Protein chains: 2
Amino acid sequence: MIEESTGLETIERRIREAGLKVTPQRINVLQMLLAGSHPTAEYLIEKVREKYSSISSSTIYHILDAFVEKGVIGKVYTHGDVMRYDAILENHHHLHDIKSDRIEDYFDEQLFQQIKKYFEDNPISGFELTDIKVKLRGKFSNNNSK
Amino acid sequence: MIEESTGLETIERRIREAGLKVTPQRINVLQMLLAGSHPTAEYLIEKVREKYSSISSSTIYHILDAFVEKGVIGKVYTHGDVMRYDAILENHHHLHDIKSDRIEDYFDEQLFQQIKKYFEDNPISGFELTDIKVKLRGKFSNNNSK
DNA sequence: ATTCTTGCAAAGCATTTGCACCCTG
DNA sequence: CAGGGTGCAAATGCTTTGCAAGAAT
(Lines give C-alpha, C1' and ligand atoms only; values in the text may rest on other atoms or scores of the structure.)
Protein backbone atom coordinates (compact mmCIF):
# COMPACT_ATOMS: atom_id res chain seq x y z
CA MET A 1 0.00 0.00 0.00
CA ILE A 2 2.84 2.33 0.69
CA GLU A 3 4.21 1.33 -2.65
CA GLU A 4 6.33 3.83 -4.50
CA SER A 5 4.94 2.64 -7.80
CA THR A 6 6.06 4.02 -11.10
CA GLY A 7 3.40 2.22 -13.08
CA LEU A 8 1.60 4.00 -15.83
CA GLU A 9 -1.70 4.29 -13.94
CA THR A 10 0.06 5.74 -10.95
CA ILE A 11 1.82 8.27 -13.12
CA GLU A 12 -1.34 9.28 -14.88
CA ARG A 13 -3.18 9.57 -11.61
CA ARG A 14 -0.45 11.73 -10.18
CA ILE A 15 -0.81 14.13 -13.10
CA ARG A 16 -4.59 14.07 -13.11
CA GLU A 17 -4.89 14.60 -9.37
CA ALA A 18 -2.74 17.69 -9.69
CA GLY A 19 -5.41 19.15 -11.91
CA LEU A 20 -3.34 18.84 -15.06
CA LYS A 21 -4.28 17.24 -18.33
CA VAL A 22 -2.67 13.93 -19.05
CA THR A 23 -0.54 14.14 -22.16
CA PRO A 24 2.13 11.79 -23.49
CA GLN A 25 4.69 14.54 -22.99
CA ARG A 26 3.84 14.83 -19.31
CA ILE A 27 3.79 11.08 -18.82
CA ASN A 28 7.22 10.75 -20.34
CA VAL A 29 8.66 13.60 -18.34
CA LEU A 30 7.29 12.29 -15.06
CA GLN A 31 8.56 8.80 -15.83
CA MET A 32 12.04 10.14 -16.36
CA LEU A 33 11.80 12.27 -13.26
CA LEU A 34 11.00 9.16 -11.26
CA ALA A 35 13.70 7.10 -12.93
CA GLY A 36 16.50 9.61 -12.59
CA SER A 37 18.13 11.02 -9.54
CA HIS A 38 17.63 14.75 -9.25
CA PRO A 39 17.89 15.31 -12.96
CA THR A 40 18.50 18.64 -14.60
CA ALA A 41 16.19 19.96 -17.29
CA GLU A 42 18.88 19.31 -19.82
CA TYR A 43 19.19 15.68 -18.79
CA LEU A 44 15.44 15.26 -18.98
CA ILE A 45 15.31 16.76 -22.45
CA GLU A 46 17.85 14.22 -23.60
CA LYS A 47 16.29 11.26 -21.83
CA VAL A 48 12.71 11.97 -22.73
CA ARG A 49 13.69 12.35 -26.36
CA GLU A 50 14.96 8.80 -26.41
CA LYS A 51 11.33 7.68 -26.14
CA TYR A 52 9.55 10.75 -27.40
CA SER A 53 11.95 12.26 -29.84
CA SER A 54 9.84 15.12 -31.08
CA ILE A 55 9.37 16.85 -27.72
CA SER A 56 10.48 20.44 -27.56
CA SER A 57 12.73 21.67 -24.81
CA SER A 58 10.35 24.51 -24.26
CA THR A 59 7.64 21.97 -23.51
CA ILE A 60 9.82 20.31 -20.93
CA TYR A 61 10.32 23.60 -19.16
CA HIS A 62 6.58 24.26 -19.34
CA ILE A 63 5.90 20.85 -17.84
CA LEU A 64 8.46 21.17 -15.09
CA ASP A 65 7.07 24.56 -14.12
CA ALA A 66 3.55 23.17 -14.03
CA PHE A 67 4.63 20.17 -11.95
CA VAL A 68 6.47 22.33 -9.46
CA GLU A 69 3.60 24.78 -9.24
CA LYS A 70 1.10 22.00 -8.56
CA GLY A 71 3.40 20.29 -6.10
CA VAL A 72 3.92 17.18 -8.20
CA ILE A 73 7.66 17.55 -7.92
CA GLY A 74 10.09 19.81 -6.09
CA LYS A 75 13.13 21.80 -6.98
CA VAL A 76 16.50 21.02 -5.49
CA TYR A 77 18.89 23.78 -4.58
CA THR A 78 22.50 22.76 -4.46
CA HIS A 79 25.86 23.28 -6.03
CA GLY A 80 26.02 24.13 -9.67
CA ASP A 81 23.98 26.73 -11.34
CA VAL A 82 21.41 24.69 -13.15
CA MET A 83 18.16 23.71 -11.57
CA ARG A 84 17.51 20.14 -10.51
CA TYR A 85 14.20 18.48 -9.92
CA ASP A 86 13.05 15.92 -7.42
CA ALA A 87 10.09 13.61 -7.89
CA ILE A 88 10.21 12.48 -4.28
CA LEU A 89 8.30 14.74 -1.96
CA GLU A 90 8.55 12.77 1.26
CA ASN A 91 10.64 14.49 3.86
CA HIS A 92 14.19 13.51 3.19
CA HIS A 93 17.71 14.81 3.30
CA HIS A 94 20.42 14.85 0.70
CA LEU A 95 23.85 13.36 0.48
CA HIS A 96 25.93 15.48 -1.80
CA ASP A 97 29.26 14.65 -3.32
CA ILE A 98 30.68 17.92 -4.57
CA LYS A 99 33.42 16.36 -6.66
CA SER A 100 31.08 14.23 -8.74
CA ASP A 101 28.10 16.52 -8.16
CA ARG A 102 26.11 13.41 -7.35
CA ILE A 103 23.14 13.75 -5.05
CA GLU A 104 21.50 10.87 -3.25
CA ASP A 105 18.40 10.91 -1.13
CA TYR A 106 18.86 10.10 2.49
CA PHE A 107 15.88 9.10 4.58
CA ASP A 108 16.33 9.26 8.31
CA GLU A 109 13.26 9.84 10.38
CA GLN A 110 15.18 9.47 13.63
CA LEU A 111 17.56 12.27 12.70
CA PHE A 112 14.68 14.46 11.68
CA GLN A 113 12.86 13.88 14.96
CA GLN A 114 15.99 14.54 16.95
CA ILE A 115 16.62 17.88 15.30
CA LYS A 116 12.98 18.77 15.57
CA LYS A 117 13.09 18.06 19.29
CA TYR A 118 16.24 20.14 19.58
CA PHE A 119 14.41 23.16 18.24
CA GLU A 120 11.40 22.53 20.45
CA ASP A 121 13.78 22.75 23.39
CA ASN A 122 15.83 25.58 21.88
CA PRO A 123 13.52 27.70 19.78
CA ILE A 124 15.07 30.37 17.59
CA SER A 125 13.77 33.73 18.63
CA GLY A 126 12.15 35.62 15.80
CA PHE A 127 11.96 32.68 13.47
CA GLU A 128 9.08 30.31 13.03
CA LEU A 129 10.47 27.05 11.77
CA THR A 130 8.54 25.12 9.15
CA ASP A 131 11.05 22.80 7.55
CA ILE A 132 14.36 21.20 8.37
CA LYS A 133 16.70 19.90 5.71
CA VAL A 134 20.12 18.54 6.42
CA LYS A 135 22.65 18.88 3.68
CA LEU A 136 25.33 16.31 4.10
CA ARG A 137 28.39 16.88 2.05
CA GLY A 138 31.05 14.32 1.59
CA LYS A 139 32.36 11.62 -0.65
CA PHE A 140 30.74 8.44 -1.88
CA SER A 141 32.89 5.35 -1.63
CA ASN A 142 32.27 3.86 -5.00
CA ASN A 143 30.46 0.67 -4.10
CA ASN A 144 26.72 0.90 -3.47
CA SER A 145 26.20 3.09 -6.50
CA LYS A 146 22.75 3.10 -8.02
CA MET B 1 41.28 38.97 19.25
CA ILE B 2 38.47 36.96 17.81
CA GLU B 3 37.27 40.19 16.36
CA GLU B 4 35.26 40.03 13.15
CA SER B 5 36.84 43.22 11.95
CA THR B 6 35.94 44.87 8.72
CA GLY B 7 38.73 47.42 8.89
CA LEU B 8 40.74 48.25 5.84
CA GLU B 9 43.90 46.50 7.02
CA THR B 10 41.95 43.35 7.78
CA ILE B 11 40.36 43.42 4.37
CA GLU B 12 43.65 43.96 2.62
CA ARG B 13 45.26 41.20 4.62
CA ARG B 14 42.45 38.82 3.76
CA ILE B 15 43.03 39.45 0.08
CA ARG B 16 46.80 39.32 0.29
CA GLU B 17 46.85 36.15 2.34
CA ALA B 18 44.76 34.46 -0.30
CA GLY B 19 47.57 35.09 -2.72
CA LEU B 20 45.71 37.75 -4.64
CA LYS B 21 46.86 41.21 -5.53
CA VAL B 22 45.26 44.00 -3.55
CA THR B 23 43.35 46.32 -5.85
CA PRO B 24 40.76 48.98 -5.07
CA GLN B 25 38.17 46.90 -6.92
CA ARG B 26 38.79 43.90 -4.71
CA ILE B 27 38.79 45.97 -1.56
CA ASN B 28 35.46 47.50 -2.44
CA VAL B 29 33.91 44.20 -3.37
CA LEU B 30 35.06 42.51 -0.19
CA GLN B 31 33.82 45.42 1.89
CA MET B 32 30.38 45.10 0.39
CA LEU B 33 30.45 41.36 0.79
CA LEU B 34 31.10 41.83 4.49
CA ALA B 35 28.50 44.53 4.84
CA GLY B 36 25.69 42.75 3.04
CA SER B 37 23.90 39.58 3.89
CA HIS B 38 24.41 36.91 1.26
CA PRO B 39 24.37 39.38 -1.57
CA THR B 40 23.91 38.51 -5.20
CA ALA B 41 26.38 39.60 -7.85
CA GLU B 42 23.82 42.05 -9.12
CA TYR B 43 23.46 43.65 -5.70
CA LEU B 44 27.21 43.89 -5.35
CA ILE B 45 27.57 45.54 -8.73
CA GLU B 46 25.09 48.17 -7.67
CA LYS B 47 26.51 48.69 -4.20
CA VAL B 48 30.16 48.76 -5.15
CA ARG B 49 29.40 51.29 -7.86
CA GLU B 50 28.12 53.71 -5.25
CA LYS B 51 31.73 54.06 -4.09
CA TYR B 52 33.61 52.94 -7.14
CA SER B 53 31.37 53.91 -9.98
CA SER B 54 33.58 52.87 -12.87
CA ILE B 55 33.83 49.21 -11.97
CA SER B 56 32.75 46.78 -14.63
CA SER B 57 30.31 44.00 -13.87
CA SER B 58 32.68 41.62 -15.57
CA THR B 59 35.32 42.59 -13.03
CA ILE B 60 32.96 41.82 -10.17
CA TYR B 61 32.37 38.36 -11.55
CA HIS B 62 36.10 37.89 -12.00
CA ILE B 63 36.68 38.96 -8.42
CA LEU B 64 33.93 36.78 -6.99
CA ASP B 65 35.28 33.78 -8.86
CA ALA B 66 38.78 34.46 -7.60
CA PHE B 67 37.56 34.89 -4.02
CA VAL B 68 35.58 31.67 -4.13
CA GLU B 69 38.45 29.78 -5.70
CA LYS B 70 40.87 30.98 -3.03
CA GLY B 71 38.41 30.33 -0.25
CA VAL B 72 38.02 33.97 0.73
CA ILE B 73 34.25 33.67 0.44
CA GLY B 74 31.74 30.92 -0.20
CA LYS B 75 28.79 30.43 -2.45
CA VAL B 76 25.33 29.95 -1.06
CA TYR B 77 22.92 27.59 -2.73
CA THR B 78 19.30 28.29 -2.04
CA HIS B 79 16.04 29.19 -3.62
CA GLY B 80 16.10 31.43 -6.61
CA ASP B 81 18.30 30.96 -9.56
CA VAL B 82 20.92 33.59 -9.02
CA MET B 83 24.07 32.91 -7.10
CA ARG B 84 24.63 34.36 -3.65
CA TYR B 85 27.89 34.87 -1.85
CA ASP B 86 28.87 34.59 1.76
CA ALA B 87 31.83 36.32 3.34
CA ILE B 88 31.52 34.31 6.53
CA LEU B 89 33.33 31.03 6.41
CA GLU B 90 32.92 29.86 9.97
CA ASN B 91 30.76 26.82 10.26
CA HIS B 92 27.22 28.06 10.38
CA HIS B 93 23.73 27.24 9.28
CA HIS B 94 21.16 29.30 7.45
CA LEU B 95 17.71 30.50 8.31
CA HIS B 96 15.83 30.94 5.12
CA ASP B 97 12.52 32.73 4.64
CA ILE B 98 11.23 31.59 1.28
CA LYS B 99 8.57 34.27 1.01
CA SER B 100 10.96 37.17 1.40
CA ASP B 101 13.97 35.19 0.15
CA ARG B 102 15.85 36.51 3.14
CA ILE B 103 18.72 34.47 4.49
CA GLU B 104 20.21 34.90 7.94
CA ASP B 105 23.19 33.18 9.40
CA TYR B 106 22.53 30.93 12.33
CA PHE B 107 25.38 29.87 14.57
CA ASP B 108 24.77 26.93 16.83
CA GLU B 109 27.74 24.89 17.85
CA GLN B 110 25.65 22.68 20.11
CA LEU B 111 23.40 21.65 17.26
CA PHE B 112 26.38 20.96 15.06
CA GLN B 113 28.01 18.79 17.70
CA GLN B 114 24.81 16.90 18.31
CA ILE B 115 24.36 16.06 14.65
CA LYS B 116 28.00 15.19 14.33
CA LYS B 117 27.69 12.79 17.22
CA TYR B 118 24.57 11.32 15.69
CA PHE B 119 26.54 10.36 12.60
CA GLU B 120 29.41 9.01 14.64
CA ASP B 121 26.90 6.66 16.23
CA ASN B 122 25.01 6.06 13.00
CA PRO B 123 27.45 6.26 10.14
CA ILE B 124 26.08 6.26 6.62
CA SER B 125 27.42 3.27 4.77
CA GLY B 126 29.20 4.20 1.58
CA PHE B 127 29.43 7.87 2.37
CA GLU B 128 32.28 9.67 4.02
CA LEU B 129 30.86 12.76 5.68
CA THR B 130 32.86 15.96 5.57
CA ASP B 131 30.38 18.73 6.19
CA ILE B 132 26.99 19.19 7.80
CA LYS B 133 24.74 22.09 6.95
CA VAL B 134 21.26 22.49 8.31
CA LYS B 135 18.88 24.43 6.16
CA LEU B 136 16.15 25.85 8.30
CA ARG B 137 13.19 27.13 6.40
CA GLY B 138 10.51 29.20 7.98
CA LYS B 139 9.27 32.68 8.55
CA PHE B 140 10.88 35.63 10.27
CA SER B 141 8.67 37.46 12.72
CA ASN B 142 9.49 41.00 11.79
CA ASN B 143 11.17 42.25 14.92
CA ASN B 144 14.86 41.51 15.36
CA SER B 145 15.61 42.41 11.77
CA LYS B 146 19.10 43.51 10.95
C1' DA C 1 -16.64 23.35 -27.69
C1' DT C 2 -13.56 25.16 -24.65
C1' DT C 3 -9.66 25.29 -22.29
C1' DC C 4 -5.25 23.68 -21.66
C1' DT C 5 -0.98 22.15 -23.85
C1' DT C 6 2.49 22.03 -27.19
C1' DG C 7 6.26 23.82 -29.83
C1' DC C 8 8.57 27.05 -32.71
C1' DA C 9 11.25 31.02 -32.88
C1' DA C 10 12.85 34.81 -30.58
C1' DA C 11 13.92 37.21 -26.48
C1' DG C 12 15.95 37.60 -21.81
C1' DC C 13 19.34 37.72 -18.66
C1' DA C 14 22.92 36.19 -15.46
C1' DT C 15 27.37 34.81 -16.25
C1' DT C 16 31.55 33.83 -19.11
C1' DT C 17 35.12 34.71 -22.41
C1' DG C 18 38.64 36.92 -25.61
C1' DC C 19 41.63 40.31 -25.71
C1' DA C 20 44.17 44.71 -25.09
C1' DC C 21 45.53 47.81 -21.71
C1' DC C 22 46.84 48.81 -16.95
C1' DC C 23 48.41 48.29 -12.30
C1' DT C 24 50.41 45.88 -8.30
C1' DG C 25 54.26 43.74 -6.20
C1' DC D 1 58.96 45.06 -15.65
C1' DA D 2 56.49 40.71 -15.39
C1' DG D 3 52.43 38.59 -14.30
C1' DG D 4 48.15 39.25 -12.72
C1' DG D 5 43.95 42.29 -12.89
C1' DT D 6 40.61 45.09 -15.21
C1' DG D 7 37.10 46.23 -18.51
C1' DC D 8 34.89 46.44 -22.88
C1' DA D 9 32.17 44.05 -26.07
C1' DA D 10 30.56 39.97 -27.66
C1' DA D 11 29.27 35.31 -26.85
C1' DT D 12 27.17 31.66 -24.20
C1' DG D 13 23.67 28.93 -22.45
C1' DC D 14 19.85 28.04 -19.51
C1' DT D 15 15.32 29.47 -19.19
C1' DT D 16 11.25 32.31 -20.44
C1' DT D 17 7.82 34.26 -23.48
C1' DG D 18 4.50 35.30 -27.40
C1' DC D 19 1.74 33.14 -30.14
C1' DA D 20 -0.68 29.90 -33.32
C1' DA D 21 -1.88 25.22 -34.07
C1' DG D 22 -3.23 20.94 -31.75
C1' DA D 23 -4.97 17.87 -28.20
C1' DA D 24 -7.51 16.63 -23.91
C1' DT D 25 -11.77 16.64 -21.23
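Just so you know, these numbers come straight off a predicted model, no measurement behind them. So that the names make sense, note that chain A is the first sequence line, chain B the second, and so on, each numbered from 1.
- Using a 4.0 Å cut-off between charged side-chain N and carboxylate O, R102(B) and E104(B) make a salt bridge.
- In the model, H92(A) has a side-chain atom that pairs as donor or acceptor with a side-chain atom of D86(A) under 3.5 Å.
- One interatomic measurement links the two molecules: OH of Y43(A) to P of dC14(D), which rounds to 16 Å at whole-angstrom precision.
- For Y61(A) and dT15(D), the shortest distance from a side-chain N or O to OP1 or OP2 is below 4.0 Å.
- In this model, a donor atom of one side chain and an acceptor atom of the other lie less than 3.5 Å apart for Q25(A) and Y52(A).
- Atom CG of D65(B) and atom P of dG18(C) are 14 Å apart (whole Å).
- Among the atoms of the strands shown, only primed sugar atoms or phosphate atoms (P, OP1, OP2) are found under 4.0 Å from some heavy atom of A41(B).
- Residue L64(A) contributes atom CG, which lies 14 Å from atom P of dC14(D) at whole-angstrom precision.
- No side-chain N or O of Q110(A) forms a donor-acceptor pair with one of Q114(A) less than 3.5 Å apart.
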Go through it in stages, so that I can follow the logic: the residues are H94(A) and D105(A), the test is side chain to side chain donor-acceptor pair (under 3.5 Å), and I'd like the CA-CA distance, side-chain angles, deciding distance and then a yes or no. CA-CA 5 Å; H94(A) 283 152; D105(A) 291 326; 3.2 Å; yes
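- When rounded to the nearest whole Å, the span between CE of M83(B) and P of dT15(D) equals 12 Å.
- The NZ atom of K70(A) sits 13 Å away from the C1' atom of dT5(C) (whole-angstrom rounding).
- Atom CG in N28(A) sits roughly 11 Å away from atom P in dT6(C) (whole-Å rounding).
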Go through the steps for K117(B) and E120(B) under the test salt bridge (Lys or Arg N to Asp or Glu O under 4.0 Å), then give the verdict. CA-CA 5 Å; K117(B) 178 163 188 320; E120(B) 280 162 10; over 6 Å; no
Mark up nucleotides 4-12 of chain D, 5' to 3', with B wherever a protein heavy atom is under 4.0 angstrom from a base atom, S wherever such an atom reaches only the sugar-phosphate, and - elsewhere. SSSBBB---
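- Heavy-atom nearest nucleotides on DNA chain C were determined for R16(B) and for Y85(B), and the one closer to the 5' end corresponds to Y85(B).
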